[in-house]
Structure formats: C-alpha cells, structure tokens
Participant: 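Submitted below is the structure of interest, expressed as structure tokens.
Numbering of residues begins at 1 and proceeds along the displayed sequence.
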Amino acid sequence: MVLAKLDHFKETWDGRYPKIYKSWHEKWAVLATCFEHLLAVKRLIPITNTMEKFSRQLIKVTKSRTIFPSADNLSKMFYLAMIDITKKWTGRRQGWSQ
C-alpha cells in the first residue's frame with residue numbers, strides 16, 4: 001500500500017521534483033522503518049517540548065549568577081533547581097518505553 005502511494009507520488013510530482021522521488025526510492029528501507037514507528041514518534045513529541053522547557057528553566061537559574069567558585073557549586077545549584085522544577089510535573093508519558 002505504501003509503495004503504491006510512492007508510485008502515485010512519482011506520477012504526480014516526479015516531473016516537478018525528480019530528486020525527491022529518486023532519493024526516497026533509493027533510501028526506501030530507511031524511510032519505511034520511520035513510517036512504521038511514526039505514530040509512536042508523534043506521541044513522544046510533547047516530551048521533547050518538556051525537555052526544552054526543562055533546559056530553559058535551568059538556564060534561567062544560572063543567568064542570575066554568572067560566576068561559580070567550583071563545578072561542585074554549579075552541580076548543587078542544578079540539583080536544587082531540578083527538585084523545584086520536577087515538583088510541578090504530574091503524570092507519566094504513555095509509550096515512553098517504546
């Protein structure tokens with residue numbers, strides 16, 4: 001079924017975008033693997049948003065203080081910030097183990 005859609009893509013767009021079909025056709029084994037897991041990956045996208053938000057919050061904590069006497073002090077500050085940040089988290093992400 002998916003290969004039929006690829007052939008349909010070729011019929012429709014190959015005249016205008018020949019490099020796309022050629023690339024997809026040559027790398028079909030890799031692309032097919034991506035399509036198999038597409039739904040699982042879509043469900044995990046909010047997790048990446050959460051990670052980006054977490055990273056921004058850590059950066060915000062370090063902006064107020066630009067100099068740290070040692071790496072240990074920075075580690076302690078990150079640890080305390082992570083405790084505060086994760087207190088607000090609720091629930092678990094479904095399908096993370098996949």
Participant: Looking at residues at least two apart in the chain, or sitting in another chain, which of them share a side chain to side chain contact (heavy atoms under 4.5 Å, CB included) with K19?
Facilitator: none

Participant: Could you list who else is in I67's hydrophobic cluster, with ILVMFWY side chains joined at under 4.5 Å, directly or through other members?
Facilitator: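 None, because no other hydrophobic side chain comes under 4.5 Å of this residue.
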
Participant: Could you go step by step and tell me if H8 and T12 meet the side-chain contact (heavy atoms from CB on, under 4.5 Å) rule?
Facilitator: CA-CA 6 Å; H8 177 69; T12 308; 3.6 Å; yes

Participant: Got a sec, which residues hit salt bridge (Lys or Arg N to Asp or Glu O under 4.0 Å) with K76, two or more places apart in sequence or on another chain?
Facilitator: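 Partners of K76 by the salt bridge (Lys or Arg N to Asp or Glu O under 4.0 Å) criterion, ordered by chain and then number, come out as D72.
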
Participant: Assigning hydrophobic clusters by single linkage (Ile, Leu, Val, Met, Phe, Trp, Tyr; side-chain heavy-atom cutoff under 4.5 Å), is L80 placed with I85?
Facilitator: no

Participant: What distance do I20 atom CD1 and H25 atom NE2 have between them, rounded to the nearest 0.5 Å?
Facilitator: 15.5 Å

Participant: In chain order, what residues pass the side chain to side chain contact (heavy atoms under 4.5 Å, CB included) check against W13, with sequence neighbours excluded?
Facilitator: F9, R16, Y17

Participant: Going by heavy atoms in the side chains, are I59 and F54 under 4.5 Å from each other?
Facilitator: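 No. Closest side-chain heavy atoms not under 4.5 Å.
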
Participant: Whether the side chain of S55 engages the backbone of M51 through a donor-acceptor N/O pair (distance < 3.5 Å, no angle test) should be reported.
Facilitator: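 Not at all, since once roles are kept as given, no pair shorter than 3.5 Å links the two residues.
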
Participant: Return each pair, listed once, that meets ring-ring contact (aromatic ring centres under 6.0 Å, His included) where at least one residue sits in residues 61-88; pairs must be two or more places apart or across chains.
Facilitator: none

Participant: Step by step, work out the side-chain contact (heavy atoms from CB on, under 4.5 Å) result for L58 and M82.
Facilitator: CA-CA 8 Å; L58 289 178; M82 285 188 277; 4.1 Å; yes

Participant: Nearest 0.5 angstrom please: W24 CH2 to L6 CG, how far?
Facilitator: 7.5 Å

Participant: Rounded to the nearest 0.5 Å, what's the gap from NZ on K60 to NZ on K53? Could you check?
Facilitator: 10.0 Å

Participant: Would you please name every residue forming a side chain to side chain donor-acceptor pair (under 3.5 Å) with N73, sequence neighbours left out?
Facilitator: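 Per chain and number, N73 pairs via side chain to side chain donor-acceptor pair (under 3.5 Å) with S70.
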
